[in-house]
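Sequence positions, counted from 1, serve as the residue numbers for this chain. All ligand and atom numbering here is 1-based and tracks the order in the structure.
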Amino acid sequence: RRSLVTAITSVTTAALAMGALSAQAAQTVNLGHTLSDSSHYSVGADAFKETLERLSDGEFEVVEHPSGALGGERAMIEGLQIGTVDVVITSTGPLGNFVPGTYVLDLPFLFADYDEARCVLDGEVGQDLLDKMGEHNLVGLAWSENGFRHMTNSRRPVTSPADAEGLKIRTMENKVHMEAFEQMGVSPTPMAFPEVFTALQQGTVDGQENPITVIVATKFWEVQDHLSLTGHVYSPAVVLSSPILIDGLSEEERSWFDQAAQASAAATREEVSRLERDGVALLRENGMTVNTEIDKGPFQEAVKPAYQIYTDQYGSEMLDRVRGSD
Ligand code: EAX
């Protein structure tokens, strides 16, 4: 692009001046995510933008497209593969459809707490999974974070799997999650995130499950009365990029993208931690009934068959590695 512009030499002074201008024009990097511009993903998008624009001295300009403006997470991942989207911050929800290796991370009750999850993702297992994305026409830049997921619904307080039985719950388009919910006696309805608020509002589904971060950012209290802190699964996020963009970069430019993604992940994790501290109070202020005392034992017991189903299909190597590294 730049060489094309600078190659045009024998033109009028005016055209030359214009050429010089466009030679300096920044390359736009379109970054998409599904959450609002007040979310932890938006905090991460800001950090990405600030870091990439600073390191590249304005060579790149990042434009954030929040709130699913570029589509749901599955659609945006497809966009990365064909080069219509440059960078995406996404949960692993639909990612296993593209990179089956990441399904291991979606197993319920895999990680005990944030420290454990972050440690595994920042270690060898996390790096191997990022590398694996390269085999599926995606570039995994850094592990970011969505948070531990909890159940909300509009029907009744849920403190045990028996309470949840029969509820129609929107899940992500992720078969490991869907399997786990089926084991719980819940009827899972997979749906892209941008459709969830309306589906809850119209009663197409009774509930959904997401971290405090997402419940706050989406103001789910407007359409959901009950929140149960089930913490049934850790939800990683990942900063992905398009191979069509990344393959055209110099080594130095690529390192700016890596650093921007790492800064993004760090800023997002910090915001997740803040919302873990302050979020529940905020949800209560907005009228949600929050059940904090959940006995996780019966939930853990209920979803156990999901592990067998996972290892039958994918083997136990990744699961053993995840467990061995904590
Ligand atoms: O990544 O789809 C979901 O429920 C995700 O948690 C949300 O899009 C943020």
Side-chain angles (χ1 to χ4, degrees), residues 31-45 48 64-80 85 87-99 102-103 105-106 108 111 117 121 138 140-153 168-178 180-181 186 188-201 204-220 223-224 227 230-240 261 264-265 267-269 271-272 275-276 279:
L31 181 156
H33 64 84
T34 51
L35 301 176
S36 76
D37 61 7
S38 66
S39 65
H40 57 306
Y41 284 2
S42 211
V43 167
F48 189 94
E64 178 187 0
H65 304 270
S67 305
L70 303 180
E73 293 184 330
R74 176 199 277 267
M76 285 192 291
I77 294 171
E78 283 165 358
L80 292 173
V85 184
V87 175
V88 171
I89 301 173
T90 177
S91 74
T92 52
L95 190 56
N97 295 303
F98 302 87
V99 189
T102 64
Y103 274 134
L105 302 173
D106 301 316
F111 297 117
L121 292 173
L138 292 166
L141 291 178
W143 286 109
S144 182
E145 190 162 74
N146 198 14
F148 275 91
R149 302 178 80 91
H150 309 291
M151 284 172 63
T152 71
N153 83 94
K168 206 168 170 194
I169 301 283
R170 174 270 175 174
T171 66
M172 297 198 287
E173 298 162 282
N174 181 297
K175 65 178 183 185
V176 173
H177 281 199
M178 289 171 66
F181 279 103
V186 159
T189 307
M191 195 184 289
F193 187 78
E195 294 161 35
V196 176
F197 192 92
T198 309
L200 293 169
Q201 196 166 39
T204 317
V205 290
D206 302 312
Q208 64 87 46
E209 43 83 54
N210 252 304
I212 307 269
T213 51
V214 177
I215 300 170
V216 168
T218 318
K219 299 189 163 82
F220 274 144
V223 286
Q224 297 278 271
L227 165 63
T230 44
H232 51 273
V233 67
Y234 174 77
S235 184
V238 62
V239 185
L240 293 174
S264 171
T268 294
R269 282 181 179 178
E271 182 66 357
V272 172
L275 285 160
E276 282 295 331

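Taking distance alone, with nitrogen or oxygen atoms compared against 3.5 Å, Tyr41 approaches ligand 1 more closely than that limit. Taking distance alone, with nitrogen or oxygen atoms compared against 3.5 Å, Asn146 approaches ligand 1 more closely than that limit.
The minimum heavy-atom distance between Gly207 and Gln224, with the atom names listed, is CA-OE1, 3.3 Å. Heavy-atom minimum distance, Gly140 versus Leu240: CA-CD2, 3.9 Å.
Per-residue contacts place Met172 under 4.0 angstrom from the following atoms of ligand 1 (heavy atoms of the residue considered): 2 (O), 3 (C), 4 (O), 5 (C), 6 (O).
Under the 4.0 angstrom criterion for non-hydrogen atoms, Arg170 is in contact with ligand 1.
Scanning the protein heavy atoms around atom 6 (O) of ligand 1, the nearest turns out to be Asn210 OD1, 2.6 Å. Taking atom 8 (O) of ligand 1 as the reference point, the nearest protein heavy-atom neighbour is Thr34 OG1, 2.9 Å.
Taking the six-membered ring for Trp and thresholds of 30 and 60 degrees, Phe220 and Phe193 have ring planes more than 60 degrees apart, a perpendicular arrangement.
With ring centers used as reference points, His232 lies under 6.0 Å from Phe181.
Partner Leu95 forms a side-chain contact (heavy atoms from CB on, under 4.5 Å) with one of Val238, Asp106, Thr90 and no other, that one being Val238.
When only modelled atom types and interatomic distance are considered, Glu73 and Ser91 share a side-chain donor-acceptor pair under 3.5 Å.
Of the listed residues (Glu73, Arg149, His33), the one carrying the non-hydrogen atom nearest atom 1 (O) of ligand 1 is Glu73.
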